[in-house]
Structures are given as structure tokens and as C-alpha cells.
Peer 1: 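What follows is a structure written as C-alpha cells; I'll ask about it next.
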Number of protein chains: 2
Amino acid sequence: MGDAREYLGEFEQVVLLALARLGDGGYGAEIHAEILDATGRDVSIPAVYVTLKRMERKGLVSSRTRRPTGGGRALRIYTVEAEGSRALQRSRELFERLWDSPHLDPGQAS
Amino acid sequence: MGDAREYLGEFEQVVLLALARLGDGGYGAEIHAEILDATGRDVSIPAVYVTLKRMERKGLVSSRTRRPTGGGRALRIYTVEAEGSRALQRSRELFERLWDSPHLDPGQAS
DNA sequence: CCAGCTATTAGACATTGTATAAAAACAATG
DNA sequence: CATTGTTTTTATACAATGTCTAATAGCTGG
């Protein structure tokens, strides 16, 4: 199996940031809702899960299960790991550096 | 053939931003150099070309050829199209919105 | 016309993005 | 206690991106 990349993919960033925004861990539906809420982007829930699982394999997040409150299956709570924070930080710096250019500053319409 | 996605991929953003920074179009080697210069990221030149070509297919950039100055083959000069600027804008807004959270502002342990 | 440059294109293959369908697991019900 | 209803997670699958190592293509000067 291949190795992970040095930088987060576009959607990985979205999912990881949404999880980070939750503050203290979160599970599928919460993360999905956070993405929709913060960005208006309506992606399928499994898309979120599969990305989470891949990021876990890379050590960017970790997870544990929790008994469900009402009915339904057990929850899988995800948390951002230090490696994940670092990746986020790198991505941020990357784009901040790239956007910092005289040719890109003035917000012009189309 | 598949359709394009709604958001730019991670590397597409990098390449498109590097091209935009050049101000008035640029070709392979220049874009490659700009990426290295602005971000320290040393990717292969073909990686840049293939991404450029895919973005051209999607209408994000356009290209024309120019006679070479010294020796060597003709250059292919790329320019950011309106559609490309819009995509860049969308990506920027997406991440600005996601990063705007109380949980993400303070610098945490690295 | 052949060697030597500078640039671009061809493939190839692993990783990501993203959806549809299927399965789990617990609670209430009769 | 089997059946159904909820809520949530996993399995799969496949298209799009990321990224590399060759292979070409065109000039120019001997």
C-alpha cells in the first residue's frame, strides 16, 4: 500500500478543519453538519467517514467508540491528533504564502 | 470522461496560484520555479504540466505557444482564465470560512 | 546532419474524492 | 423474544488528482 502525501488533500482539509472546529471531538453526523453549516457544502456522510478512516490510518486523527444515547448504533468519536494539527498548520502556511502576492491582493470582480 | 469537481484539488490550487503570481502568464519552468520559490516545495516539472493540461481542459487556464529565445523547443505559455480566478476565489473563501473559528485561532502546542 | 540544449508530452500508477447500497446495533412493542 | 424502527457506521466501487520516470520534440552551433 502506498504512502501518504506530504500535504492534505482538499477534502481532507475540509473534514479535518470541521472536526477541529467542533472543539472536543465529534462523530460522523456532527462533522457532516459542521461542514454544511460552515461552508454550505452538502457532501454525503460516507464521504466524510471514508476520509476520516484514511486520516486515522495516517495518524492525523484517532477514534474511540461511545455508547449511543437514544436508539441506534454506537458512535465513533474522532479527535484531531498532534500530527493532524501540524498538517493543518502546514496547509495553512502554504496557502498564506501563495496568496501573499501583489497580483492577488485587490479583490476584483470577474 | 468524468466531469470536473466543484473545488480545486490541493495541487491544482498551488499551480494555479503560482501562475497567477507570475502576473502575465508563464510557462512550465517558470511556474515550477515559482512554486519552489514561494513554497519551498520541489515537485517534478511534469507534475506541473499535467496539472496545467487538465486545468486547461476544464477551462481554468488557456495556453498559446511562443517561439523560444535561445535554443530549445517552443514554449507553451499559460494564462489564468476568468473561470480559474473564480475557482481560486471559491477555494479561498472556503478555507477562510473554515479557519474562522475560536478553536483554531490560538497557536497551540506544535 | 549530429550533438547538445531547453521544453514539453506520454504513460503509468498510487492516493483522494465522493456516491450508492448494505449492515450493525440498540430500543421499544406487542 | 422476534419484529420493526431509528440512528449510525462500514463496504464497495469508480472517477479525478497527485506525481514520477521515461520518451519526444525543436532549435542552434559546429
Side-chain angles (χ1 to χ4, degrees), chain A residues 1-19 25-33 35-36 39 41-58 60-61 63-78 87 91 94, chain B residues 1-18 25-33 35-36 39 41-61 63-78 87 91 94:
Chain A
M1 296 298 178
D3 212 13
R5 267 191 285 166
E6 186 175 359
Y7 294 89
L8 292 170
E10 190 273 327
F11 191 56
E12 288 181 318
Q13 278 183 77
V14 170
V15 173
L16 199 46
L17 276 171
L19 175 57
Y27 66 99
E30 287 178 334
I31 298 171
H32 177 258
I35 292 172
L36 183 59
T39 73
R41 187 165 169 183
D42 190 12
V43 76
S44 76
I45 296 198
V48 174
Y49 278 112
V50 92
T51 297
L52 246 10
K53 178 155 291 188
R54 287 167 183 169
M55 290 197 290
E56 181 165 32
R57 186 150 40 75
K58 299 192 237 169
L60 302 174
V61 301
S63 76
R64 69 205 130 85
T65 49
R66 176 190 297 168
R67 301 215 76 101
T69 41
R73 172 181 188 164
L75 303 167
R76 179 168 293 280
I77 310 290
Y78 279 94
S91 289
L94 174 66
Chain B
M1 295 298 181
D3 210 14
R5 267 191 284 165
E6 185 175 359
Y7 294 89
L8 291 170
E10 191 273 326
F11 192 56
E12 288 181 318
Q13 277 183 78
V14 170
V15 173
L16 198 47
L17 275 171
Y27 65 99
E30 287 179 333
I31 298 172
H32 178 257
I35 292 173
L36 183 58
T39 72
R41 187 166 169 182
D42 190 13
V43 76
S44 77
I45 296 200
V48 174
Y49 278 112
V50 93
T51 297
L52 246 10
K53 179 155 292 191
R54 286 167 183 170
M55 290 198 290
E56 180 166 32
R57 188 149 41 75
K58 299 192 240 170
L60 302 175
V61 301
S63 77
R64 68 206 131 87
T65 50
R66 176 190 296 168
R67 302 214 78 101
T69 40
R73 170 182 190 166
L75 303 167
R76 179 169 292 281
I77 310 289
Y78 280 93
S91 289
L94 174 66

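Proteins come first, then strands; the chains are lettered A, B, ... in the order of their sequence lines, and each starts at number 1.
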Peer 1: Within this structure, what is the OH-to-C1' distance between B:Y7 and C:dG17, rounded to whole angstrom?
Peer 2: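 Going from OH in B:Y7 over to C1' in C:dG17 covers 13 Å.
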
Peer 1: Phosphate oxygens OP1/OP2 of C:dT18: is one of them under 4.0 Å from a side-chain N or O of A:R41?
Peer 2: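 True: A:R41 side-chain N/O within range (under 4.0 Å) of C:dT18 OP1/OP2.
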
Peer 1: With sequence neighbours left out, write down each residue that passes side-chain contact (heavy atoms from CB on, under 4.5 Å) with A:A47, or none if nothing qualifies.
Peer 2: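 Here the qualifying residues are A:F11, A:V43, A:S44.
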
Peer 1: Please state how far atom CZ in A:R5 lies from atom C1' in C:dG17, giving the value in whole angstrom units.
Peer 2: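 Whole-Å distance recorded here is 10 Å.
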
Peer 1: side-chain contact (heavy atoms from CB on, under 4.5 Å) with A:R64: which residues, sequence neighbours excluded?
Peer 2: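 Counting only residues at least two positions away or on another chain, A:R64 forms a side-chain contact (heavy atoms from CB on, under 4.5 Å) with A:R66, A:I77, A:T79.
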
Peer 1: Return the value, rounded to whole Å, for the distance between atom NE2 of A:H32 and atom P of C:dT18.
Peer 2: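 That distance rounds to 12 Å.
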
Peer 1: Whole angstroms only, please: what is the CG-C1' distance between B:D42 and D:dC20?
Peer 2: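 Rounded to the whole Å, the gap is 13 Å.
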
Peer 1: Could you grab the distance from atom CE of B:M55 to atom CG of B:L8, nearest 0.5 Å is fine?
Peer 2: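 If we round to the nearest 0.5 Å, B:M55:CE and B:L8:CG are 7.5 Å apart.
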
Peer 1: Of the residues in residues 8-18 of chain A, which ones touch DNA chain C at a heavy-atom distance under 4.0 Å?
Peer 2: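 Residues of residues 8-18 of chain A that come under 4.0 Å of DNA chain C are, in numerical order, A:G9, A:E10, A:F11, A:E12.
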
Peer 1: Who passes side-chain contact (heavy atoms from CB on, under 4.5 Å) against B:K53, sequence neighbours left out?
Peer 2: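 Applying side-chain contact (heavy atoms from CB on, under 4.5 Å) to B:K53 gives none.
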
Peer 1: Kindly indicate, with the supporting measurements, whether the criterion side chain to side chain contact (heavy atoms under 4.5 Å, CB included) is fulfilled by A:E30 and A:L19.
Peer 2: CA-CA 8 Å; A:E30 287 178 334; A:L19 175 57; over 6 Å; no

Peer 1: For every nucleotide of nucleotides 22-30 of chain D, 5' to 3': is a protein heavy atom under 4.0 Å from its base (B), only from its sugar-phosphate (S), or from neither (-)?
Peer 2: B-BBBB---

Peer 1: Between A:E6 (CD) and C:dT16 (P), how many Å, whole number?
Peer 2: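 About 13 Å, once rounded to whole Å.
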
Peer 1: Start at the 5' end of DNA chain D and walk down; is the nucleotide closest to B:V50 or to A:I45 reached first?
Peer 2: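 Nearest-nucleotide comparison on DNA chain D picks A:I45.
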
Peer 1: Whole angstroms only, please: what is the CD1-P distance between A:I35 and C:dA19?
Peer 2: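 Taking CD1 of A:I35 and P of C:dA19, I get 11 Å after rounding.
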
Peer 1: Both A:V43 and B:K53 contact DNA chain C. Taking the nearest nucleotide for each, which residue is further toward the 5' end?
Peer 2: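 Nearest-nucleotide comparison on DNA chain C picks B:K53.
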
Peer 1: Take the protein atom CG of B:L52 and the nucleotide atom P of D:dG18, then report the distance between them rounded to whole Å.
Peer 2: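 Taking CG of B:L52 and P of D:dG18, I get 13 Å after rounding.
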
Peer 1: So, is B:R54 close to the D:dG18 phosphate, meaning a side-chain N or O under 4.0 Å from OP1 or OP2?
Peer 2: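 Looking at the OP1 and OP2 atoms of D:dG18, neither is under 4.0 Å from any side-chain N or O of B:R54.
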
Peer 1: Could I get the full list of salt bridge (charged side-chain N to carboxylate O under 4.0 Å, His left out) partners for B:E10, not counting sequence neighbours?
Peer 2: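 Here the qualifying residues are B:R41.
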
Peer 1: Looking only at heavy atoms, what is the nearest atom pair of A:I35 and A:T39, with distance?
Peer 2: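 Scanning both residues completely, I find the closest heavy atoms to be O-OG1, 2.6 Å.
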
Peer 1: Any ion pair linking A:E12 and A:R5 (charged N to carboxylate O, less than 4.0 Å)?
Peer 2: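 The answer is no: the pair does not qualify as a salt bridge.
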
Peer 1: Closest heavy-atom contact between A:L52 and A:V61?
Peer 2: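 That would be O-CG2, 3.8 Å.
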
Peer 1: Give A:V48 one of three labels, base, sugar-phosphate or nothing, depending on what nucleic acid heavy atoms sit under 4.0 Å from its own.
Peer 2: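 Nothing, no nucleic acid heavy atom in range.
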
Peer 1: CD1 of A:I77 versus P of D:dT7: gap in Å, rounded?
Peer 2: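 Distance check: A:I77 CD1 to D:dT7 P gives 17 Å.
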
Peer 1: Should A:K58 be listed as having a side-chain N or O under 4.0 Å from OP1 or OP2 of C:dT16?
Peer 2: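 It does, given that an N or O in the side chain of A:K58 lies less than 4.0 Å from OP1 or OP2 of C:dT16.
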
